[in-house]
Amino acid sequence: MGRQLLRIGLGVATLGLGGCAFDLPMSTLRAHTDFARAILSVYALVTWAVIVIAVVVSAVLAWVLVRFRHRQERGLPTQTLGHTLLELSWTIAPALVLLIIAIPTIRVVFATQRPAPRNALQVTVRGWQWWWEFRYPSLDVVTANELRVPAGRPVALRLEGPDVIHSFWVPRLGGKRDVVPGRLNQLVFTADTPGEYWGQCAEFCGASHANMRMRVIVLAPEAFDRWAAEERAPAAEPSGVAAEGKAIFARSACVGCHTIRGVSAGTIAPDLTHFGSRHTLAAGILPNTPEHLVAWLLDPPAVKPGVKMPALGLHAAEAQQLATYLLGLK
Ligand code: CUA
């Protein structure tokens, strides 16, 4: 019986701890912004407090179990009823612990709600079922699912919701913040290291909530400026197979929902003007390769359950041509 329990315990512990890692792409323990570091500092403080309390309580408990265990020759130990010093100490000690946790917590809550500094890059983030729209009003750039920001400069995200409640969460860059229809939330951070950071909608928002992912790509300032200039440029003019793909795009339902500047002006689906420069497809769930794109164009709901984009009824050859056009939009 004891061995059986031990085996089950070890099995459960192995499975549970197998999910733990400091270094996975969605780890909250690797902070890369001021915002994430502030939250991590509170998290570390609480964790250490909990460890100290657990050790002290377990030690006292073990001592009591040994010291007062039942023995034949020993009668009832002394019974205590009402002990002012004991009662004061076990009231004051937890209050002190709470105070030690509360002061930095409140400080971080206020620090992470401060208005953005004047030089912050403003980005409007709109959570849609099930993708992310990023608008840079000062740069005249609109993109989707991949947020590019410069390292070392404050970024102010204005979070808006056109449909249901979502939650913006990129663990290495900081805590979650809800995207609520009819309400404006803000998230301000300064990223310190160029790199690609994974994010995920963190509020259940329907069938493909789990497929509502994103990437935040932090670039060196010069690389960011180059990217913004490329994004502002008009869509690439296709030729050959890609031109046939463009014709398919222009005569299909695509134009009602998507924008490709100079070609269409839909507003309820991702802007595709520079789709070919994105690393991922379908809100960060697939690498942006011809094979994945063709599979997506042939049957979007098979890739992403509940997706608003319908199957367009394309033939395989048409899907190939359309994919060639879209991937050429750099
Ligand atoms: Cu959007 Cu969950």
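Throughout, residue positions are numbered sequentially from 1 according to the sequence presented. Both counts, for ligands and for their atoms, begin at 1 and track the order of listing. Every value quoted in this text rests on a predicted model; they were computed, and no experiment measured them.
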> What N/O/S atom of His166 is the closest to atom 1 (Cu) of ligand 1?
Replying inline: ND1
> SG (Cys201) to atom 2 (Cu) of ligand 1 to SG (Cys205): angle, nearest 10 degrees?
Replying inline: 120°
> Glu203: which N/O/S atom is nearest atom 2 (Cu) of ligand 1?
Replying inline: O
> Has Met212 got an N, O or S atom lying less than 2.8 Å from atom 1 (Cu) of ligand 1?
Replying inline: yes
>> Which residue in the set His279, Glu146, Glu196 passes side-chain hydrogen bond (donor to acceptor under 3.5 Å, both in side chains) when paired with Arg215?
In response: Glu196
> CG of Leu45 to CG of Leu40: how many Å apart, nearest 0.5 Å?
Replying inline: 11.5 Å
> Does one side chain, of Asp178 or Ser167, offer a donor that lies under 3.5 Å from an acceptor on the other?
Replying inline: yes
> If you round to the nearest 0.5 Å, how far is CD of Glu203 from NZ of Lys176?
Replying inline: 9.0 Å
> Are the aromatic rings of Trp296 and Phe275 close, with centres under 6.0 Å apart?
Replying inline: no
>> Taking 2.8 Å as the cut-off, does His209 contribute an N, O or S atom near atom 1 (Cu) of ligand 1, distance below it?
In response: no
